[in-house]
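Here the structure comes first, spelled out in structure tokens, and everything after it is commentary.
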Amino acid sequence: NSPAGVQIYLATSFVFTMGQGIALRNDDVRKMIGLPAMNVPPSQGKLATEFIQLKQKEQEAKEARTKDDDQIVYGADGVLAHG
């Protein structure tokens, strides 16, 4: 036997949690509180895009160096050196 207050708390918490879950799956409610729609794919961040472009340029530079003299040139920190 548990106290009635605990049962009332659990029932109320369950009802509010279910209501919140249903509300947050509704695009109109999401728009009202400033959240993106559920079916919209997430956008890729600016920093992630710039990092990917940097890594692609780094790979191109590495390939260009290995074509020329079959030797990879690294700087002091193990990063490809300018050249």
Side-chain angles (χ1 to χ4, degrees):
N1 290 333
S2 62
V6 173
Q7 292 175 352
I8 292 171
Y9 164 77
L10 290 174
T12 305
S13 176
F14 176 74
V15 169
F16 278 110
T17 302
M18 291 298 291
Q20 180 183 23
I22 292 168
L24 288 176
R25 286 177 176 81
N26 184 319
D27 283 338
D28 293 330
V29 173
R30 292 178 69 84
K31 183 177 180 182
M32 185 173 59
I33 60 175
L35 293 173
M38 290 288 290
N39 59 355
V40 175
S43 62
Q44 189 172 16
K46 179 182 176 186
L47 292 177
T49 303
E50 291 174 357
F51 180 75
I52 290 170
Q53 291 172 347
L54 175 67
K55 287 304 202 179
Q56 288 171 343
K57 288 180 183 178
E58 217 174 65
Q59 184 64 30
E60 290 170 5
K62 180 180 175 182
E63 290 171 0
R65 286 191 178 110
T66 56
K67 276 187 206 175
D68 294 340
D69 54 14
D70 291 332
Q71 181 180 357
I72 300 174
V73 180
Y74 288 102
D77 297 332
V79 179
L80 289 174
H82 295 288

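These values consider heavy atoms only, across backbone and side chains, with no hydrogens, waters or symmetry-generated copies. As the structure is a computational prediction, the values presented were derived from the model and not from experiment. Positions are given from 1 along the sequence.
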Thr17 side chain to Ser13 main-chain N or O, any donor-acceptor pair under 3.5 Å? yes
Taking C-beta and beyond as the side chain, do Leu24 and Leu35 meet within less than 4.5 Å on heavy atoms? yes
What closest approach, in Å, do Asp28 and Asn26 show between heavy atoms, and which atom pair accounts for it? N-OD1, 2.8 Å
Interatomic spacing from CZ in Phe51 to CD in Gln56 - rounded to 0.5 Å: 11.0 Å
Is it the case that one hydrophobic cluster holds both Val15 and Met18, taking links as side-chain heavy atoms less than 4.5 Å apart, direct or via other members? no
Would you name the heavy atoms of Met38 and Arg25 that are closest together and state the gap between them? CG-O, 4.1 Å
If we ignore angles and hydrogens, is there a donor and acceptor under 3.5 Å between the side chains of Gln59 and Glu63? yes
Please report the C-alpha distance between Lys57 and Glu60 in whole Å, then the side-chain angles of each, then the deciding distance to 0.1 Å, and finally whether the salt bridge (Lys or Arg N to Asp or Glu O under 4.0 Å) criterion is met. CA-CA 5 Å; Lys57 288 180 183 178; Glu60 290 170 5; over 6 Å; no
